[in-house]
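Proteins come first, then strands; the chains are lettered A, B, ... in the order of their sequence lines, and each starts at number 1.
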Protein chains: 2
Amino acid sequence: MIFIFVALFFIVTPEFISSQTIEKHEIFELTLKGPSTGNPFMDVTLTAEFKFKNRILQPEGFYDGNGIYKIRFMPDETGEWTWITSSNVKELDAKSGKFICSPAQPANHGPVSVRDTFHFRYADGTPFYPVGTTCYAWVHQPEELVRQTLETLSNTTFNKIRMTVMPKNYDVYINNEPPFYPFEGSKEKGWDFSRPNPDFFRNFEEKIFELQKLGIEADVIIFHPYDFGKWNFDKMNHDQCIFYLRYLIARISAFHNVWWSMANEYDMMGKTEKEWDNLFRVIQIYDPYRHLCSIHNGMAWYNHSKPWITHLSIQTPYLQDIQDWRELYRKPVIIDECVYEGNIPNDWGNLTPEEMVNRFWISWCRGAYCTHGETYMHPQNILWWSKGGVLYGKSPERIAFLHRIMTEAPEEGVYPLHNLWNKETHLIKENEYYLFYYGNSQQAKARLFLPDKVKFNLEIIDAWNMTITPVQGEFNGLTEIPLPGLPYIAVRAIAIH
Amino acid sequence: MIFIFVALFFIVTPEFISSQTIEKHEIFELTLKGPSTGNPFMDVTLTAEFKFKNRILQPEGFYDGNGIYKIRFMPDETGEWTWITSSNVKELDAKSGKFICSPAQPANHGPVSVRDTFHFRYADGTPFYPVGTTCYAWVHQPEELVRQTLETLSNTTFNKIRMTVMPKNYDVYINNEPPFYPFEGSKEKGWDFSRPNPDFFRNFEEKIFELQKLGIEADVIIFHPYDFGKWNFDKMNHDQCIFYLRYLIARISAFHNVWWSMANEYDMMGKTEKEWDNLFRVIQIYDPYRHLCSIHNGMAWYNHSKPWITHLSIQTPYLQDIQDWRELYRKPVIIDECVYEGNIPNDWGNLTPEEMVNRFWISWCRGAYCTHGETYMHPQNILWWSKGGVLYGKSPERIAFLHRIMTEAPEEGVYPLHNLWNKETHLIKENEYYLFYYGNSQQAKARLFLPDKVKFNLEIIDAWNMTITPVQGEFNGLTEIPLPGLPYIAVRAIAIH
C-alpha cells in the first residue's frame with residue numbers, strides 16, 4: 001500500500017523543475033529538500049507518478065540523509081514524461097515537472113527479462129545469455145580491493161554477478177568489518193533498523209552503477225544467513241524486513257541492471273513461507289519495472305511456480321533434473337550455485353576447473369544456464385567468491401568460449417532433448433542446429449542421428465582447449481565421426497542452406 | 001508345486017547307491033538311467049529328498065540327454081545325509097542312498113548371503129566384499145577366447161561376474177553365433193522350447209565351475225532383452241519361461257557360486273510385473289539354497305522391497321540416492337551398472353578409468369558396492385563387457401586396491417553418513433574407523449570432525465595412484481591436514497587402542 005498525503009505548500013530544488021532529457025533506461029533522479037528532524041525514514045512518505053500518455057508508474061522516494069529526499073525513475077518509452085510527487089510533508093508534495101526520454105545509446109540494452117519461456121533478452125530485444133559469477137560481499141571490501149575486482153571483471157565475459165546487500169561473515173574466509181553499516185547504531189548498542197545508513201546504500205548503488213558500465217547484471221541478494229551473530233543483520237523482524245526492502249527498492253530499482261534475488265539459501269534464515277511470500281509481494285507492489293526475481297535454495301525447495309518467481313535460481317551439485325524443472329515450471333533455469341572452482345576443504349568449494357566448465361556446458365545443453373564462483377585458498381583469505389580481487393582459476397576463459405557458442409546458436413526454438421539417461425546432452429533446433437555435448441566421457445567416436453533430408457556441416461568443439469575443428473564433408477542421417485577420445489568434447493551440426 | 005509320482009520298480013546306476021564322501025558346499029551328483037523316448041524333459045518328473053537329521057531339502061532332477069537323468073545337491077551340514085528319489089518313471093523312482101558330508105576345505109567358503117543388513121558374507125562367515133565385473137556373453141564365445149577370459153580374470157581381484165545364460169546380439173559389438181544353442185531346433189525352423197539342449201547347459205555350467213575355481217561368484221542373468229530378432233530366445237511365453245527356469249535351477253543351483261539375476265534391463269522385455277513375480281516364486285520354490293536373488297533395471301524400477309529380492313542390483317549413472325535406497329529397502333545395494341570404462345559412442349560405455357574408479361569409491365563410501373565393465377573399441381569388436389578376452393583399462397588394478405581398503409574396514413557396524421549434500425562421502429564406525437572420500441574434488445586441505453576423546457592415526461589414500469601415506473602425529477577433535485589438491489583422495493582415520 002502506498003500512503004499519499006496532500007500538503008498545502010512545497011519547495012522544489014530548482015534544477016529538477018526544468019525539463020530535462022534522459023536516455024531511455026537511464027535514471028531520472030529527482031532531489032528534494034525536506035525535514036531532517038524526527039525519523040524522516042519512517043515519518044515521511046514520498047512517491048511520484050511518472051506518466052507517459054496513459055501509462056503511469058509510481059516509484060517510491062527515499063530519504064538520503066541531511067534533509068535530502070530523492071525519487072529515482074527509469075523511463076522505458078521515448079518521448080515526454082510528466083511527473084508529480086505526493087508526500088505527507090508539504091515541502092515534498094505536489095511537485096511536478098516533465099522530461100524528455102531520448103532513445104538509448106547502442107550499448108544501453110535496458111533491463112533483462114524472460115524470452116522464449118526459458119531464456120532471456122534485454123529490453124531492446126538483444127538476447128542475453130547469462131554467464132554469471134559469484135562475488136557475494138565484494139562491495140563490503142576496502143576500496144583498493146573493490147577496484148581490483150572491477151578491473152578483473154572487465155577482463156572476463158561474466159555478465160551477471162551474485163552479490164549481497166548485507167556484509168558477510170562466513171567460516172575463516174570472510175569476517176572483516178565493512179566500510180559502512182546498513183543501519184545506524186552498532187552491534188554493541190544495537191542497530192536501529194528504522195534508520196538506514198545512506199552512506200551504506202550509496203556505496204552499494206555506486207557499485208551497481210560500476211557494474212552497469214561493464215555491462216554486468218547485478219543479481220542483488222536481499223537477505224542472506226551468513227551473519228552468525230557477528231552483526232545480527234539477519235535478525236530483523238518481519239516489519240523491519242519489509243521496511244528495509246522498500247528502502248532498497250526505492251534506491252536501486254531504477255538501475256536497469258538490477259535483478260532481485262530474494263535470499264541466498266533462503267531456508268537457513270528461519271522465516272516462514274508466508275513471510276517470504278509477503279516479501280515477494282512487496283517487490284511486486286513497489287518495483288515499477290518488474291525486474292527479474294528469484295530465490296536461491298539451501299536444502300529446502302521453494303515453490304518456483306509462484307507468480308513472482310521469474311526464473312529458477314538453483315543451488316545443486318547435480319544437474320540431471322534440469323529438463324524436468326523446465327517442464328514443471330516453464331521458466332528459465334539458472335544453476336546459480338553448482339559448487340565453485342577451487343581447493344578449499346568445504347564441500348561446496350573445490351571443483352576442478354574442468355568440472356566447473358563441464359557444469360556450464362551441461363547446464364546450457366540441458367536448456368539452462370550456470371554460474372561461476374572461485375574458492376582457491378589464499379594466504380590473506382581473499383577468495384573471489386566472497387571478496388573479489390583476482391581470479392586464479394582456469395574456467396573463466398573457457399566460460400567465455402562457451403558464451404561465444406551460446407551466441408552462435410539460433411535465437412529461437414532451441415530445446416534440450418529430454419529423455420536422455422546419462423551424461424549426453426543435446427541442444428537442438430529441428431533441421432537447423434544440433435549441439436551434442438559428451439561431458440566427461442572419453443568416447444572416441446560420435447554417432448549422430450541427423451535428419452535424412454538436410455545436409456549439415458559438422459564441427460568438433462573441444463570445450464576445454466577451446467578449439468572448433470570443422471569436419472571435412474557434408475553429413476545427413478546416421479553419421480559416425482571419430483572424436484579425440486578425451487573428455488569435454490562437443491559436436492555442432494549446422495544445416496547448410 | 002512339485003509333482004511326485006510313485007513308480008513300482010526302479011533301476012539305479014550302482015556307483016551312486018554306495019555311500020560317498022562329499023565336501024560341504026560341493027556337489028553331490030546322482031546319475032540315473034531312464035527313458036529317452038517321447039520328450040523326457042517334459043514327460044518325466046524327478047526329484048529327491050535329501051535329509052540331514054530332521055532337515056529335508058528337495059532339489060529337482062533334470063534330463064541330461066541320451067537317457068541320463070541327474071540330480072544335483074549341495075550339502076550344507078557335515079555328517080550323514082540320506083536321500084530318496086521320486087519320479088513318475090519307475091526306473092527313477094524311490095532310489096535311495098546316503099553320503100557323508102565332510103568339512104569344507106579352507107578355500108571353499110560356500111555360498112554368499114546377506115550380512116549385517118547391507119553387506120555380504122560366505123557361508124563360513126568370511127565377509128565377502130563384491131567387486132564385480134561384467135562379461136555378459138563370455139560363455140558363448142569360441143573356446144580360445146573363453147580360455148583367455150578366464151586367464152584374464154585369474155589376474156584380477158574381481159570376485160563376481162555378471163553373465164547371461166542366453167547368447168547376446170547387440171549393436172555392432174556382438175552378434176556371433178554361440179557354440180551351442182539353448183534349445184533344439186533352429187531360428188529358421190523354430191525352437192522347441194520344451195527341449196533344452198544339454199550340451200548348451202553343460203557348457204554353461206562348466207564355465208560356472210571354472211569361475212568357482214577362481215573364487216568368482218557367477219551373477220547369472222536368467223533373462224535379457226538383447227536378442228532383437230536374431231534368435232528369438234526372448235520370445236518364450238510365460239509357461240516356457242517357467243519351464244526353462246526350472247531346468248536351469250535343477251542344473252546349476254547346486255553350484256555354491258551361483259547368484260540369480262532375474263533379468264538385465266527387465267523392463268525392456270515386455271513381461272508384466274505379475275509374470276516377473278511368478279518367476280521369482282519359481283526360484284523360491286525350486287532353489288533349495290536361497291541363493292542371492294535380484295533384478296536389474298532399465299528405465300523402470302522394480303519394487304525391491306518384495307521378499308524374494310535379497311539385494312538391489314541397480315543400473316544408474318547417478319549415485320547420490322544410495323543412502324536413500326539403503327534406508328528404504330534395508331537390503332544391500334550393488335550398483336551393477338554405472339556406465340563402463342571405455343570409449344565407444346554409446347552413452348553407457350565411455351567412462352574414463354578415473355571415473356570408473358571414482359564410482360567404485362563413491363559406492364563403497366555411500367554404503368554400497370559397484371560393478372565394473374569395459375568397452376574400449378576393438379578392431380575385432382572383442383569388448384570385455386560382452387565377449388571377454390583381455391582387459392585394456394586402467395581401473396581393474398585400482399579396484400583391487402579399493403578391495404584391499406574394504407577388507408581393512410571393520411567387519412561390522414560401518415555405515416555411511418546420510419545427510420551429505422555433495423560429493424563428500426564418509427564411511428564410519430563411531431570412535432573406531434572413519435573413511436572420508438573426496439571424489440573428483442581438488443581440495444588442498446581436509447577438515448575432519450573426529451571424536452574429541454579418542455586418538456586416531458591418519459592416512460592419506462590416493463585412490464588413483466594407489467598409495468597410502470601415514471600422517472605424522474595423533475589426532476582427535478577438529479583436525480585440519482593438507483591434501484595433495486588432486487582428485488580421488490581419501491583420508492582414513494583409525495582409532496589408536
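Nearest heavy atom pair, residue A/T352 against residue B/N440, reads CG2-O, 3.6 Å.
Other residues, nucleotides and ligands place no more than 12 heavy atoms under 6.0 Å from the CD atom of A/Q472.
With a 4.5 angstrom heavy-atom cutoff, A/T316 touches chain B only via backbone atoms. For a residue to count as touching a neighbouring chain, one of its non-hydrogen atoms must lie under 4.5 Å from one of that chain's; by this rule A/P482 does not touch chain B.
Side-chain contact between B/N346 and A/R447 is present, with at least one heavy-atom pair separated by less than 4.5 Å.
Residue with the most contacts toward chain B among A/G485, A/P487, A/A444: A/A444 (heavy-atom pairs, distance under 4.5 Å). Top candidate by heavy-atom pairs under 4.5 Å with chain A, chosen from B/E341, B/E354, B/M377, B/Q320, is B/Q320.
Atom CD of A/Q443 and atom CG of B/L351 lie 11.0 Å apart (nearest 0.5 Å).
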